[in-house]
Amino acid sequence: MKNLKLLMRYFKFNISAQMEYRVNFFIQIFGMIINNFFLLFFWWVIFSKVGKFGGYGMEDIYLIYSVVTVSFGISMTFFGNQTRISRIIYTGELDSYIMLPRPYLFHILVSRISLSALGDVIFGIIVFFMSGYAGFLNFIVLIIVCTMGAVIFAAFNSVLQSLTFYFGDSTAFSRVFPEAVLSFSMYPETVFNGIIKIVLFTVVPAGYFSFLPVRIIKDFNLYQLSEMFFFTVGFSVFAFLFFKHGLKKYESGNLIIKRL
Amino acid sequence: MEKILKVEELRKTFRTKTKEPGFRGSMKSLFNPVYKETEAVSGISFEVSEGEMIAFIGPNGAGKSTTIKMITGILYPTSGNVSVMGMTPWTDRKKLSYKIGSVFGQKSQMWFHLPPEDTFELMGDIYEIDRSEYRKRLSELVKKFQLEELMNTPVRKLSLGQRIRCEIAVSLIHKPKVLLLDEPTIGLDVVVKNQIRELIKDINKKEGLTVFLTSHDVGDIEKLCKRVLVIDHGKLIMENDVPGLKYKYLSKKIVSFKLDEAYVPDIEGVKIIKQNGTGLKAEIDTKVSSVQKLMENIMKNTSIVDMNISETPMEEIIENIYTGGGDYGKD
């Protein structure tokens with residue numbers, strides 16, 4: 001609970017910091033929304049030609065886009081440091097987090113908010129209401145599954161970025177996998193099968209980031225929701241332990257650091 | 001007095017990849033990496049009493065920062081023990097963080113785009129300080145560090161001196177028992193330096209704060225600390241009280257005379273540096289001779305109009321310790 005309070009404090013904090021540059025703030029948010037609509041346009045062109053594709057229509061694409069962008073948006077908004085962990089480790093910025101009485105990985109993740117990602121959330125919600133699945137209850141389910149998806153995505157990034165403890169800077173390497181998760185997430189589940197599908201529910205967890213949440217919204221059932229919940233918790237614990245283990249190898253650094 | 005910090009046989013080894021220069025070297029190290037073990041800290045032991053102000057000095061790369069980072073729980077040691085108020089930093093990290101404050105001159109805790117007050121608020125939250133307690137502590141610190149005018153200006157618009165004042169104040173918000181200062185006065189002008197030193201001294205006196213300081217500025221050490229630890233190549237090469245450092249390792253004194261008539265003494269242990277008419281400047285090795293002997297010798301032959309005795313400056317003593325020159329630190 002008190003950590004949730006910390007998250008809210010950082011949220012307010014980051015907004016005030018970024019509000020120092022108001023114009024930039026709005027450009028970031030609207031830029032992201034427009035950018036996403038361009039991506040969607042590509043699908044719209046295809047479906048206007050073929051009608052249905054693997055049992056999926058434009059309606060479903062709206063839903064997939066909605067789930068992915070809302071999850072991604074929430075993840076990046078509240079855990080804005082997830083792509084900077086590697087950098088935080090190798091520059092020694094981690095020092096100041098270790099010295100504060102809070103769970104370090106969580107503290108790192110929430111201490112930065114990416115406001116451009118709020119644009120993703122707004123876009124996702126707009127698209128959700130364009131899909132055929134809009135409705136109050138479904139909207140609540142959307143927010144619940146996307147919050148879990150957001151945690152999974154942040155945990156996934158944390159694990160990859162924590163590799164820096166073992167191999168030195170892993171920024172480039174750890175960029176590839178989350179990109180893969182996003183790319184696979186943008187397609188209907190039925191496109192994949194066999195080994196690829198197994199991979200997508202394990203190493204590149206696009207399954208838990210997009211396929212399963214989409215299934216839950218389309219056809220709500222408690223069993224699938226709890227599967228999603230346990231995966232989220234389990235994977236987060238793993239990410240934390242992995243980071244903690246890496247910390248033993250931490251070497252710190254002496255770069256001059258400012259908190260922006 | 002009770003020991004607040006105990007360090008025993010602390011050791012830290014870093015494993016670094018060595019690489020030959022150029023592209024070929026990079027390829028080689030990619031497929032056949034060669035590692036070198038460097039011992040940053042090699043078995044140091046010392047103790048600090050509660051309420052003490054102690055300086056921890058040494059040339060660049062001596063292992064100061066590594067030691068401090070092990071004391072604060074940032075780094076795991078390769079071997080050895082640290083106990084801060086009975087806690088082991090790397091296992092009791094959270095509990096310890098409520099008791100320690102730190103200012104790293106080169107790492108800012110303040111949020112660059114926001115006014116200091118926001119960082120204070122955030123830290124208040126992080127340390128879970130009760131609201132009324134927080135407000136009381138804040139106004140205390142604001143008054144002491146004279147931050148009234150700065151509290152609402154974005155940190156990026158503050159001068160370095162103003163910012164450091166805020167940094168120290170914010171590190172004290174949770175009433176720590178130990179304050180670690182890593183080069184707190186780096187880059188500051190003389191006036192601000194003195195101001196900061198006075199503030200630290202004052203808090204040490206009033207709150208019984210233990211201060212552990214590293215600095216390259218001799219003034220910090222001379223004006224703040226009673227005891228000094230010198231570290232070099234990962235080893236503790238000297239432990240002494242600051243006045244004693246000057247006294248004990250100061251074997252040379254410079255004496256200038258204005259005499260009634262020109263005279264050049266010839267005594268063992270006295271070197272004449274300059275002689276110009278009735279002016280005389282000599283260096284006395286106090287292990288062989290003394291000021292008294294020299295004066296007696298002169299006064300047998302002429303009378304002294306004026307004289308001036310000066311010591312080797314602290315800066316020079318430290319330089320000598322670092323470079324291993326002279327007899328410094330041998331006993």
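Chain naming here is simple, since letters A, B, ... match the order of the sequence lines and numbering starts at 1 in each.
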* Asked: Quick one: are the ring centres of B:Tyr127 and B:Tyr134 less than 6.0 Å apart?
  -> no
* Asked: With side chains defined as the heavy atoms from C-beta onward, is the minimum distance between A:Tyr104 and B:Arg93 less than 4.5 Å?
  -> yes
* Structure fact -> Answer key: most heavy-atom pairs under 4.5 Å with chain A among B:Lys94, B:Lys95, B:Lys12, B:His174 is B:Lys94
* Asked: Within a strict 4.5 Å, meaning less than it, do heavy atoms of the A:Ile85 and A:Phe243 side chains meet?
  -> yes
* For chain B, the option from A:Lys12, A:Lys5, A:Arg9 that forms the most heavy-atom pairs under 4.5 Å -> A:Arg9
* For residues A:Phe201 and A:Phe209, establish whether the separation of their ring centroids is below 6.0 Å. => no
* **Part of B:Leu114 within contact of chain A (heavy atom distance under 4.5 Å)** => side chain
* Asked: Can you check whether B:Phe212 reaches B:Ile68 side chain to side chain, under 4.5 Å on heavy atoms?
  -> yes
* Asked: Of the backbone (N, CA, C, O) and the side chain (C-beta and beyond), which part of B:Pro154 lies under 4.5 Å from a heavy atom of chain A, both, or neither?
  -> side chain
* Asked: Heavy-atom distance under 4.5 Å to chain A: side chain of B:Ile100, backbone, both or neither?
  -> side chain
